[in-house]
Number of protein chains: 2
Amino acid sequence: MPTEEIKLQHILTIVELLSKGARNNFVEVTTTELGKRIGRSQQAASKHLLELETSGYIERVKRGQKFAVRVTGRGFTEIQNLSASLRASLESSPTAVVFEGNVISGMGEGAYYMSLEGYRLQFREKLGYEPYPGTLNVRLVDQLYMNARRELGMHQPSAFIDGFSDGTRTYGWVKCYRAKINDGSLIESAAVLVLERTHYDDSMLEVISPVSIKLAAGIKNGDKVKVRVELPSA
Amino acid sequence: MPTEEIKLQHILTIVELLSKGARNNFVEVTTTELGKRIGRSQQAASKHLLELETSGYIERVKRGQKFAVRVTGRGFTEIQNLSASLRASLESSPTAVVFEGNVISGMGEGAYYMSLEGYRLQFREKLGYEPYPGTLNVRLVDQLYMNARRELGMHQPSAFIDGFSDGTRTYGWVKCYRAKINDGSLIESAAVLVLERTHYDDSMLEVISPVSIKLAAGIKNGDKVKVRVELPSA
DNA sequence: ATTACTAGCTTCCGAGTAC
DNA sequence: TGTACTCGGAAGCTAGTAA
């Protein structure tokens with residue numbers, strides 16, 4: 001009984017066989033069709049089957065001109081193991097992303113928009129509070145954080161604030177992500193904002209909270225802060 | 001944004017990165033260590049990272065001499081898809097294995113053993129009945145079924161009959177698998193036996209039932225029968 | 001219609017090494 | 001220490017084709 005590891009290239013082939021029900025019963029398969037399904041040539045499929053057979057991952061029995069194929073227990077276990085390790089790695093994903101940056105004096109712009117009634121009412125309803133008028137602006141200190149910042153909006157937000165129109169102009173949506181400032185002990189219910197139409201680039205993080213973060217956490221402009229954004233789902 | 005498919009060889013690399021937590025945050029990784037973990041050389045790991053980066057599956061930021069690496073949403077999705085298709089193929093496994101063969105006249109041997117008290121009492125307790133004295137012997141008609149027969153004992157049996165000793169000699173265990181004869185309408189509670197010490201080869205199937213299968217199903221020697229063995233778990 | 005051999009091309013990998 | 005280049009060999013694939 002050969003003991004060699006299964007080859008990566010063979011995975012798709014076994015998966016295809018299993019999908020055809022070739023686990024406990026023999027199933028007739030042609031190499032042409034198999035090749036098509038795995039995106040390879042007929043010859044490649046033929047080679048796969050040969051190698052899988054000599055390695056003990058499948059069994060074949062000649063049926064006329066074709067073959068009937070069955071995945072052995074060994075082959076099945078191999079795919080199970082691989083599947084398990086994929087799942088494990090997917091589920092080991094951390095549920096938070098951490099940023100570091102320096103507090104800078106906000107231009108007051110973000111604060112102005114967030115205080116509009118169209119936003120304020122939604123904040124109250126969806127976050128449970130009206131933000132302190134004055135967002136905390138954090139300038140990220142490393143390219144690394146800016147890259148992470150860029151993909152932040154891809155994640156499921158903890159609250160989604162709809163855009164609206166006041167008759168004169170329209171205002172974009174806002175995604176809110178629950179966040180902790182520094183060790184999280186001084187500020188409750190902070191949230192990082194991702195705006196549909198932002199006036200900043202990826203190097204900036206805007207944080208809101210029911211109270212003034214600077215006062216409550218004793219932070220002043222130029223101080224370095226950690227912002228830990230919690231991601232609800234993967 | 002490149003649209004090429006992910007390469008099979010890169011899967012292990014991404015999985016390793018994910019296991020290191022490189023989903024939402026950047027993680028420092030050296031190519032030497034990465035190579036070791038995926039069973040490849042440092043150079044191979046380096047190439048993987050380069051290719052994964054240009055394909056948009058990961059992001060890297062130089063941190064001194066090393067790199068900090070993060071798996072992008074694109075890379076994550078790719079592994080998710082693969083994982084999903086693996087799972088799907090594993091779960092699509094049929095729950096029964098079907099045999100075809102001809103009924104032959106039993107030599108009475110199997111029937112004799114099964115009627116021993118050491119077996120009979122266990123059958124009553126674990127199957128709920130005492131088998132009709134006389135097992136149905138089915139000679140499999142195709143290599144295909146014999147191969148499947150060989151691995152039958154690997155599966156979880158619906159009942160396990162312990163071996164025993166009568167002071168003179170010892171008797172081996174018996175694994176029972178719930179089975180249906182032909183369309184299953186005439187025979188209830190049939191079971192296929194896998195014996196620790198069988199006197200047949202893989203071309204024979206021994207079936208028991210509370211009543212005489214031949215009489216109840218109107219089968220005579222030489223008739224072709226289908227035996228469908230139900231597998232409780234995968 | 002099948003499977004699978006051969007030849008040739010491409011890709012992948014490891015060793016050596018530059019930086 | 002690091003990364004990643006070049007180069008030679010191994011492995012994988014395709015096309016053509018035999019059986």
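Order of the sequence lines sets the chain letters (A, B, ...), proteins ahead of strands, with each chain counted from 1.
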Quick one: list whatever passes salt bridge (Lys or Arg N to Asp or Glu O under 4.0 Å) with [X], sequence neighbours left out.
X	result
B:Lys220	B:Asp223
A:Arg37	A:Glu16
B:Glu33	B:Lys20
A:Glu196	none

Roughly how many Å is it from NZ in B:Lys62 to P in D:dT1, rounded to a whole number?
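Distance, rounded to whole Å: 17 Å.
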
Enumerate the ring-ring contact (aromatic ring centres under 6.0 Å, His included) contacts for residues 7-41 of chain A, please, sequence neighbours excluded, ordered by first and then second residue.
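Listed by first then second residue: A:His10-A:His48.
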
Covered region of DNA chain C, 5' end to 3' end, by chain B [heavy atoms, under 4.0 Å]:
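Endpoints of the contacted stretch of DNA chain C: C:dC12 to C:dG16.
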
Using a 4.0 Å heavy-atom cut-off to protein, can you give one letter per nucleotide of nucleotides 5-19 of chain D, 5' to 3': B if the base is in contact, S if only the sugar-phosphate is, - if neither?
B------SSBBB---

Five pairs per end, C1' atoms only: what is the angle between the end axes of the helix from C:dT2-D:dA19 to C:dC19-D:dG2, to 10 degrees?
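Both end axes considered, the difference amounts to 30°.
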
Any side-chain donor paired with an acceptor under 3.5 Å for A:Thr72 and A:Glu59?
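Absent: no donor and acceptor within the cut-off.
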
The criterion is side-chain contact (heavy atoms from CB on, under 4.5 Å); which residues satisfy it with [X], sequence neighbours excluded?
X	result
B:Arg228	B:Ala96, B:Val98, B:Lys180, B:Glu230
B:Arg139	B:Ile104, B:Asp201, B:Ser203, B:Met204
A:Arg87	A:Ser83, A:Glu91, B:Ser83, B:Arg87
B:Thr95	none

